[in-house]
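Numbers restart at 1 for each chain; the letters A, B, ... are given by sequence-line order, proteins then strands. In this text, all values refer to a predicted model and were calculated from it rather than measured experimentally.
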2 protein chains.
Amino acid sequence: MTTSTPHTSTHRVTLEDVAREAGVSRATASRVITGCGPSSAEARDRVIAAVKALGYIPDAAARALVGGHGFRLVVAVTGHTPSTLDDPYVDRFVASVAVTCATRGIGVSLQWLPYRDPDQVRRLAKDRSARAVLLLNATDAVLRAVPAALTGRIASIGLGSTTVPVFDVDLAGATAAMVYHLYDKGRRRIAMVSGPAWMPCVARSVETYRSLMQAGGLPFRLVRSNFTADGGKAAARTALCRWPDTDAVIAGNDAVALGIIAALRGQGRNIPGDVAVCGFDDIPFAVLSTPTLTTSTHPVERIATAATTAVLDGSWASPATYYPSQLICRESA
Amino acid sequence: MTTSTPHTSTHRVTLEDVAREAGVSRATASRVITGCGPSSAEARDRVIAAVKALGYIPDAAARALVGGHGFRLVVAVTGHTPSTLDDPYVDRFVASVAVTCATRGIGVSLQWLPYRDPDQVRRLAKDRSARAVLLLNATDAVLRAVPAALTGRIASIGLGSTTVPVFDVDLAGATAAMVYHLYDKGRRRIAMVSGPAWMPCVARSVETYRSLMQAGGLPFRLVRSNFTADGGKAAARTALCRWPDTDAVIAGNDAVALGIIAALRGQGRNIPGDVAVCGFDDIPFAVLSTPTLTTSTHPVERIATAATTAVLDGSWASPATYYPSQLICRESA
DNA sequence: ACCGGAACTGGAAGCGCTCTCACACCCGGC
DNA sequence: GCCGGGTGTGAGAGCGCTTCCAGTTCCGGT
C-alpha cells in the first residue's frame with residue numbers, strides 16, 4: 001500500500017502527499033482531516049494512517065487564506081509605555097487566555113498598541129490569520145475604530161460599547177466598597193492615588209470615589225500616578241505635602257499601595273494607625289507585605305475565560321458583563 | 001484619475017484593487033509595497049496614493065503562504081502548570097519581546113506547551129505564519145525535536161544546544177555569588193529551596209550550589225518547591241523540621257523567598273539575624289518587603305531583545321550567550 | 001428492470017499574494 | 001543605423017488549502 005515517494009528532508013509534507021499516500025484525492029483527504037463533509041470509513045482510516053505516517057501538519061497560513069479566518073486570538077494591550085504589558089493584571093489575563101486557548105488548539109497573539117491608534121485596530125481586525133480580537137484598556141476612540149461587521153469577532157475588556165461585547169471588573173462597585181469600608185473604620189479624609197487618566201477603568205473608579213465623597217460632604221483628594229510602586233512613593237509625598245491630615249489612601253493598584261506604604265513609613269507614619277492604605281488586584285505579595293495589604297480581588301481568570309469563549313464562539317449573553325470584585329480586609333486598613 | 005469601482009462595505013481591499021486604482025499591474029503594486037524590485041518614481045507615487053485612498057492592508061496569511069514565512073515571533077513557554085506563564089520572569093520577558101517586535105511590525109504569539117511535547121515543537125517550527133520561535137524553559141527532549149533545518153529560526157532561552165542559539169542568565173554565576181556572599185557573612189548551614197527539577201535553569205543553579213558546598217565541606221540541604229510564595233512557605237517548614245540549625249536559605253526566586261521569610265517569621269525566627277534569606281529576579285516588591293530582600297537581578301530586557309533580534313535576523317555572534325546577573329545586597333541577608 | 005435519491009468522491013476553482021520570466025523600452029557606443 | 005545592456009513592466013505560475021459542483025456508485029422502492 002505504501003507507495004510513498006522517497007522525500008527529501010527539506011520537502012514539506014502537504015495535503016497532496018497525504019492524499020497520494022492514502023490513495024484518495026486532496027478533496028477527500030481535506031474532508032477527513034477537517035471532519036466536515038461526508039467520508040467513508042475506509043477513506044477515513046487510510047487518510048488518518050497517511051497523516052500519521054507522514055507526520056502531516058496542516059499549514060495554518062493556507063487554511064487562513066482560504067477559510068476566511070485563522071486560528072489565533074489576538075490580545076491587544078493599549079498604553080504608551082511598555083509597562084502596560086508588564087502589569088500584573090494584564091499578565092494574569094494573558095496567561096489565562098493562553099491556557100484557555102491551548103486546550104482549544106488556538107494560538108494567542110500579544111499585541112502592544114502603544115499609540116492607541118485606531119488604524120492599528122482596523123489592521124488587527126482585518127488580519128485573517130486571527131480569529132478574534134480581545135482589546136485590553138481600550139479607549140472610546142479605539143473602540144469606535146472597530147468595523148461594525150467585525151462585532152462578533154472582537155471583544156473589549158474594560159469599556160462600554162454598543163457594538164462590541166464588554167467583559168470587565170465592576171471597578172465602580174469595588175471602589176465603593178472600599179470607600180464604605182474606610183468610612184466604617186472612621187476615616188474621613190480619604191485620598192485617592194489613581195492610575196493614568198486615559199484608562200477607562202481608572203476613570204470609572206475615580207468617578208465613583210468622587211461622587212461618594214461629594215455625597216458625604218467629604219474632601220475630594222486626587223493624585224494621578226502610574227501603576228508602579230515608584231509612582232506610589234512619589235504620589236504619597238505629593239499627597240502628604242498637599243493634605244498632611246489625610247488618614248486613608250486608596251491606591252490604583254497594589255504596587256502603588258505598597259509604594260505608598262513604604263514612603264509613608266519612611267516619614268514616620270504608622271500604617272494603618274495614622275494612615276490606612278489599600279489597593280486593588282490582590283497580588284501574591286499583598287498577603288506577604290508588612291502590614292498585610294487590604295485590597296480588592298478580581299476574578300481575572302473567570303473574566304478571561306468568559307471573554308475568550310464568547311468571542312471565539314461568537315455568542316455572548318449580554319452586551320456587557322461586569323464581574324464583582326471582592327474586598328479583602330487585611331491589616332493595612 | 002480615481003476610477004474606483006463603488007465597492008461594497010463587505011468587500012476586502014486586495015492588491016488587485018490597488019493595482020487597478022493605480023493603473024498598474026499587481027506585480028508592480030507588489031514591488032512598490034514590499035519595496036524590493038525596481039519601480040519608477042511615478043509608479044511608486046501612484047501605488048502609494050492608491051494604498052492610502054483604499055486603506056489597503058496586506059493580507060498576512062497570503063503573504064505567509066507564498067513568502068515561505070510570516071511575520072510573527074512565537075514565544076513558547078514550557079511547563080505543566082499555567083503558573084509557568086504567570087511567572088514574573090516570563091512576564092517581563094514576553095513584554096520585552098512584544099515591545100521589540102512592535103517596533104518592527106512583527107506580531108508576537110504566546111504559546112503554552114503544557115506537556116513539553118516534542119511534537120508540539122515540531123508543529124510550531126513548521127508553522128509558516130511564524131517567522132521564528134523562542135523557546136522558554138526548554139528541556140533537552142524539546143530541543144532535540146527542533147528540526148536541524150530550522151536552526152536559524154529558533155532560539156532557546158535557557159538550555160545549551162549545538163544547533164540552536166542560546167540566550168540565558170548566567171544562573172550558575174549568580175548562584176555562586178550568592179553562596180560566597182552568605183559565606184562571607186559567616187553562614188555555614190546554607191539550604192537551597194529550588195524550583196521544579198525539570199527546569200534546566202534550576203538544574204544549573206542546584207548543581208552550582210551542590211559543588212560549592214561540597215568543595216567547602218559544608219552540608220548540602222536541598223528542598224524542591226515550585227516558584228510560588230505558598231511553595232516557599234511549605235518548603236520553609238519542611239527545611240526547618242529537617243535541619244533546624246539552618247542559618248541561610250537560597251530561594252529559587254523572590255516569591256519563594258518572601259514566602260520563606262513569612263513562614264520563618266511566623267515561627268519566631270528573626271530575619272536575617274537567625275536565618276538569612278535571598279532570592280532571584282529582583283521583582284519590584286523585593287525592595288518593598290520587610291526586611292528588604294537580597295536578591296539577584298537579571299538583564300531580562302537585554303536578553304529578550306538580543307534573542308529576538310538574533311532569531312529574526314537569523315544571525316548571532318556565538319552559539320550560547322550567558323548574561324551576568326547582579327547580586328543586590330539588601331537587608332534579608 | 002427501472003428510477004430517484006442518498007452517500008461518497010475527485011476535478012477544478014480560487015483565496016491574495018510574491019516572484020520568475022519574457023518582453024518592451026531607452027540609452028550610449030560602434 | 002544597429003546592437004548590447006540596463007531599467008521598468010505585466011502576464012502568469014503557484015504557495016497549500018477548502019469547497020463547489022458534477023459525476024459515480026449503490027441502495028431501496030416501484
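Taking atom CG on B/Leu15 and atom C1' on D/dG12, their separation rounds to 14 Å, with Å as the unit. At whole-Å resolution of the value, CZ in B/Arg20 and P in D/dG10 are 14 Å apart. Remark: P of D/dG16 and OH of A/Tyr56 are 10 Å apart, rounded to the nearest angstrom. B/Ile33 places its CD1 atom 11 Å from the C1' atom of C/dT18, with the value rounded to the nearest Å. In this structure, B/Leu65 atom CG and D/dC15 atom P are separated by 9 Å, rounded to whole Å. Between the CG atom of B/Asp59 and the C1' atom of D/dG16 there is a distance of 14 Å, given to the nearest Å.
Taken from OG in B/Ser109 to CG in B/Leu73, the straight-line distance is 8.5 Å, to the nearest 0.5 Å. Distance check, rounded to the nearest 0.5 Å: CG of B/Leu134 to CG of B/Leu136 gives 7.0 Å.
There is a side-chain donor-acceptor pair under 3.5 Å between A/Thr28 and A/Ser25. Between the side chains of A/Arg31 and A/Ser39, no donor-acceptor pair of N or O atoms lies under 3.5 Å.
Contacts classified as salt bridge (charged side-chain N to carboxylate O under 4.0 Å, His left out) and involving residues 48-69 of chain B (residues at least two apart or in different chains) are given here: A/Arg128-B/Asp59. Pairs engaging residues 102-113 of chain A under the salt bridge (charged side-chain N to carboxylate O under 4.0 Å, His left out) rule: A/Arg104-A/Asp313 [sequence neighbours left out]. Sequence neighbours left out, the pairs with a member in residues 65-86 of chain A that pass salt bridge (charged side-chain N to carboxylate O under 4.0 Å, His left out) are A/Arg72-A/Asp127.
Contact record, A/Ala304 with A/Phe93: CA-CE1, 3.7 Å, taken as the closest heavy-atom pair. For the pair A/Glu21 and A/Ala50, the tightest heavy-atom approach, listed with the atom from each and the gap, is CG-CB, 3.5 Å. Across all non-hydrogen atoms, the minimal contact from B/Ile303 to B/Tyr89 is CD1-OH, 4.1 Å.
At the phosphate of C/dT18, OP1 or OP2 sits under 4.0 Å from a side-chain N or O atom of B/Ser30. In this structure, A/Arg63 does not reach the D/dG16 phosphate: none of its side-chain N or O atoms is under 4.0 Å from OP1 or OP2.
With D/dT18, D/dA11, D/dG16 as the candidates, the nucleotide lying closest to the side chain of A/Arg12 is D/dG16. Each of D/dC17, D/dC15, C/dC19 was ranked by its minimum atom distance to the side chain of A/Arg26; first place goes to D/dC17.
Both A/Ala62 and B/Ala27 sit near DNA chain D, but only B/Ala27 has its closest nucleotide nearer the 5' end.
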N/O contacts under 3.5 Å, protein versus nucleotides 5-9 of chain C?
unit_1	atom_1	unit_2	atom_2	d
C/dT9	OP1	A/Ser40	OG	2.7
C/dT9	OP2	A/Ser40	N	3.1

Nucleotide N/O of nucleotides 22-25 of chain D paired with protein N/O under 3.5 Å:
none

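For the helix from C/dA1-D/dT30 to C/dC30-D/dG1, the terminal axes (five pairs an end, C1' atoms, rotation from four pairs onto the next four) enclose an angle of 50°, given to 10 degrees.
Checking side-chain atoms of B/Trp112 against main-chain N and O of B/Gly79 turns up a donor-acceptor pair under 3.5 Å.
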